[in-house]
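A note on names: the letters A, B, ... follow the listed sequences, proteins ahead of strands, and every chain is numbered from 1.
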Amino acid sequence: MLVLRLPERPGSRMLDRNFVLANADAVALNCKNRGVDLDIARFVEIETERRKTDQALQDAQRTSNALASAKDLSVDQKREKGRELRELRESLKAKLDTLQADADALLLRVPNMTHPDSPVGRDDKDNKEIDRNAVPIPTYAFPVRDHVALGELHGILDTEGGSKVAGPGFYFLKGDGARLELALQNFAVEFLAKRGYVPHITPDLARDSVMQGTGFTPRGNETNTYRIEGEDLSLIATSEITLCGLYQDTILDEADLPIRIAGVSHCFRTERAAGRATRGLYRVHQFTKVEMVVIATPDQSEEIHRELLANERAVFDALELPYRVLDICTGDLGGAAYRKYDLEAWMPGRGNGGEFGEVTSTSNCTDFQARRLNIRYRRGPKDKPNFVHTLNGTGIALGRAMVAILENNQEADGSVRLPKVLHAFMGQDRLVPRAPKA
RNA sequence: GGACGGGUGGCCGAGUGGUUUAAGGCAGCGGUCUUGAAAACCGCCGCAGGUGCAAGCCUGCCGUGAGUUCGAAUCUCACCCCGUCCGCCA
């Protein structure tokens with residue numbers, strides 16, 4: 001999930017406070033492995049005091065309730081004792097609020113627990129390559145063009161035009177470029193629909209409350225989302241926001257799980273690194289993405305996570321693109337993921353002589369997001385609701401997929417072979433550069 | 001943008017200051033009856049936190065947040081959301 005690379009608002013997601021209290025040592029170790037500097041002992045201290053205060057407040061409430069409903073006392077008698085009790089309740093409530101806020105401030109920064117097999121490491125350099133597909137990394141007997149050069153040659157990508165009307169980080173896709181994006185989108189939606197993922201075209205904007213609930217905050221100094229001025233709306237960074245928002249505060253039947261969704265939306269991100277990385281389609285402010293979102297039971301989530309990875313691989317296998325699979329290390333997991341795999345496709349135009357570049361990401365967030373979103377499920381009519389597990393994975397991020405297709409399949413004259421699965425959608429098997437102007 | 005109306009448990013829906021510890025209905029669960037099923041009847045039937053081995057008990061929750069009061073679903077203020085009609089519009 002690309003989004004977890006963004007700085008997260010502390011508080012967007014959380015662990016259960018009782019779990020942290022009962023497993024303070026394990027939680028502290030997990031924080032250390034994930035590179036999160038947190039004083040768990042301090043949390044335990046505050047939380048313990050918070051509980052005590054909560055108890056005292058409940059006692060006072062009980063006494064007040066008994067007084068108010070007492071039949072053998074006059075209103076005057078009630079009034080005197082009642083005022084006293086109200087003052088006690090108010091002071092306890094104030095104390096409780098403070099403790100609660102302090103405890104939450106710490107709790108909200110505690111990351112999810114980690115799969116025991118995830119590699120322990122500090123940053124993306126410690127991510128572990130666990131596999132590659134059978135497509136060989138191509139070699140070329142001619143000078144390699146990057147996708148920007150190819151796009152220009154074909155007249156299908158116009159970054160200057162995008163810059164003119166919306167600023168750097170925006171672009172036009174034209175002619176076969178526009179058709180290629182639509183073909184890829186169609187292919188991915190069909191592909192996932194056949195595998196049981198119900199296509200959803202979602203709003204591209206969401207209320208601030210949904211942004212908050214799903215952990216993508218529209219406010220604050222580290223915000224990475226665009227807000228609509230004068231409206232309670234922001235542009236979404238991924239359809240995960242609207243899709244999770246759709247299920248927020250619901251109790252599902254176990255029989256309906258897992259829910260498999262293929263979400264299609266535009267994605268908007270304000271992030272933008274400087275330099276070479278900003279070139280072309282690789283990192284942009286707006287792109288289109290087909291996202292897989294699954295809501296599952298705890299029993300199902302590990303298997304579903306493998307399924308999501310398998311789907312991502314199947315998409316890129318079908319596109320005949322070389323890629324490697326990374327098992328993301330503890331320090332690079334972000335806050336919500338229990339385990340995460342990335343696919344990096346080979347991009348011949350990247351760096352010097354080509355580099356792998358991230359094209360998909362799939363996370364098992366276990367119950368971490370569900371707790372915040374308040375998405376639960378019930379086994380039987382008499383059972384208590386439990387938090388679901390949420391998972392997500394990139395079906396296809398159109399911009400980056402096009403980078404990989406253009407760069408890997410280029411030929412000496414700048415022609416680009418199209419993967420077989422796109423022939424029917426495109427009505428052609430290759431892109432040929434337009435004739436150079438005289 | 002204008003004018004009205006409305007937010008109560010999974011759903012529908014009573015309820016305008018103290019036997020409401022939220023009536024009643026539907027759905028659901030258990031039972032009686034029945035060859036079986038339906039119907040009928042009886043019982044159970046919200047969420048969260050705390051406490052207890054457990055049965056249970058306690059606290060909070062009637063869109064959200066403040067306020068008035070000994071006591072608020074009910075009164076006051078602000079905000080949010082939903083619906084209908086009109087205007088505008090692909």
- Item | N-O pairing of A/Asp429 and A/Arg417 below 4.0 Å | no
Checklist entry - Expressed as a whole number of Å, how far does the P atom of B/rG9 sit from that of B/rG52? => result 32 Å
Worksheet item: Roughly how far apart, to the nearest Å, are B/rA37 and B/rC33 at atom P?
Response: 12 Å
So CG of A/Asn186 and CD of A/Glu181: to nearest 0.5 Å the spacing works out to 11.0 Å
Taking for A/Ser64 and for A/Lys93 the nucleotide of RNA chain B with the nearest heavy atom, the one nearer the 5' end belongs to A/Lys93
| query | Using a cut-off of 4.0 Å on non-hydrogen atoms, how would the nucleic acid contact of A/Asp249 be classed: base, sugar-phosphate, or nothing? | reply | nothing
Only residue of A/Asn364, A/Asn392, A/Leu308 satisfying side chain to side chain contact (heavy atoms under 4.5 Å, CB included) with A/Val294 is A/Leu308
Do A/Arg50 and A/Glu47 meet the salt-bridge criterion of a basic N to acidic O distance under 4.0 Å?
yes
Distance test, side-chain N/O of A/Arg376 to OP1/OP2 of B/rG46, below 4.0 Å:
no
Quick check on B/rG28: is either OP1 or OP2 less than 4.0 Å from any side-chain nitrogen or oxygen of A/Arg378?
no
Query raised in the report: When the C1' atoms of B/rG46 and B/rG10 are considered, how many whole Å apart are they?
Result: 9 Å
Presence of salt bridge, A/Arg34 and A/Asp332, under 4.0 angstrom | no
**OP:** State, with a plain yes or no, whether a side-chain heavy atom of A/Asn112 is found less than 4.5 Å away from one of A/Thr366.
**Re:** yes
When rounded to whole Å, the CZ to P distance for the pair A/Arg79 and B/rG17 reads 18 Å
Q) Heavy atoms under 4.0 Å, any strand shown: does A/Arg50 hit a base, just sugar-phosphate, or nothing? A) nothing
Taking any heavy-atom pair under 4.0 Å as a contact, classify A/Arg207: base, sugar-phosphate, or nothing. sugar-phosphate
**Prompt:** Considering only the P atoms, how many Å lie between B/rG30 and B/rC45, rounded to the nearest integer?
**Reply:** 15 Å
Rounded to whole Å, the CD-P distance (A/Glu87 to B/rC70) equals 11 Å
Is any NZ, NE, NH1 or NH2 atom of the basic residue among A/Asp208 and A/Arg227 found under 4.0 Å from an Asp or Glu carboxylate oxygen of the other?
yes
Margin query: Using a 6.0 Å distance limit plus a 45 degree cone around the ring axis, check whether A/Arg400 lies over the aromatic ring of A/Phe287.
Written below: no
Between CZ of A/Arg371 and P of B/rC47 the distance, given in whole Å, is 17 Å
Does B/rG46 have OP1 or OP2 under 4.0 Å away from a side-chain N or O of A/Lys384? no
To the nearest angstrom, the CG-P distance between A/Asn386 and B/rC47 comes to 12 Å
Exercise. Pick the P atom in B/rG25 and in B/rA14, then give their distance to the nearest Å.
Key: 15 Å
Rounded to whole Å, OH of A/Tyr377 lies from P of B/rC47 at a distance of 15 Å
From CG of A/Asp253 across to P of B/rA27 the rounded distance in Å is 17 Å
message: Parallel, tilted or perpendicular, judged at 30° and 60°: which one describes the rings of A/His285 and A/Phe170?
response: tilted
Check your understanding: Is the shortest side-chain N to carboxylate O distance from A/Glu45 to A/Arg42 below 4.0 Å?
Key -> yes
Exercise for review: Mark yes when over 12 heavy atoms from residues, nucleotides or ligands other than A/Ile201 sit less than 6.0 Å from its CD1; otherwise mark no.
Suggested key: no
To the nearest angstrom, the CZ-P distance between A/Arg89 and B/rG67 comes to 12 Å
*Write down the distance separating the C1' atoms in B/rG31 and B/rA39, rounded off to the nearest Å.*
16 Å
| message | Taking the P atom in each of B/rC82 and B/rA66, what is the distance between them to the nearest angstrom? | response | 23 Å
In whole angstroms, the gap separating C1' of B/rG49 from CG of A/Asp104 amounts to 14 Å
- Task: Please find out if less than 6.0 Å separates the ring center of A/His305 from that of A/Tyr341.
- Result: yes
Between A/Glu407 and A/Arg145, does any side-chain N to carboxylate O distance fall below 4.0 Å? no
*Would you call A/Asp327 and A/Arg339 a salt bridge, using N to O less than 4.0 angstrom?*
yes
Could you list all N or O pairs between the protein and nucleotides 18-21 of chain B that sit under 3.5 Å apart?
residue, atom, partner, partner atom, Å
B/rG18, N2, A/Ala68, O, 3.2

### Task
Pick the C1' atom in B/rC12 and in B/rC62, then give their distance to the nearest Å.
15 Å
Could you pull out the protein-nucleic contacts involving nucleotides 54-61 of chain B (nitrogen or oxygen on both sides, under 3.5 Å)?
residue, atom, partner, partner atom, Å
B/rC58, O3', A/Arg62, NE, 3.3
B/rC58, O2', A/Arg62, NE, 2.7
B/rC58, O2', A/Arg62, NH2, 2.9
B/rU59, OP1, A/Asn65, ND2, 3.4
B/rG60, OP1, A/Gln61, OE1, 3.4
B/rG60, OP1, A/Asn65, ND2, 3.3
B/rG60, OP2, A/Asn65, ND2, 3.4

query: Should A/Arg17 be listed as having a side-chain N or O under 4.0 Å from OP1 or OP2 of B/rG49?
result: no
Checking B/rC47, B/rC70, B/rG50 against the side chain of A/Gln55 (C-beta onward), the nearest is B/rG50
Can you see if the side chain of A/Arg51 gets near the phosphate of B/rG50 - specifically, an N or O under 4.0 Å from OP1 or OP2? yes
Read 5' to 3' with Watson-Crick or G-U pairs under 3.5 Å, [ ] for crossing pairs and | for partners on another strand, RNA chain B gives ((((((((.[[[..)..(.....]]].(((((.......))))).((((((....)))))).[[[[[..)....]]]]])))))))....
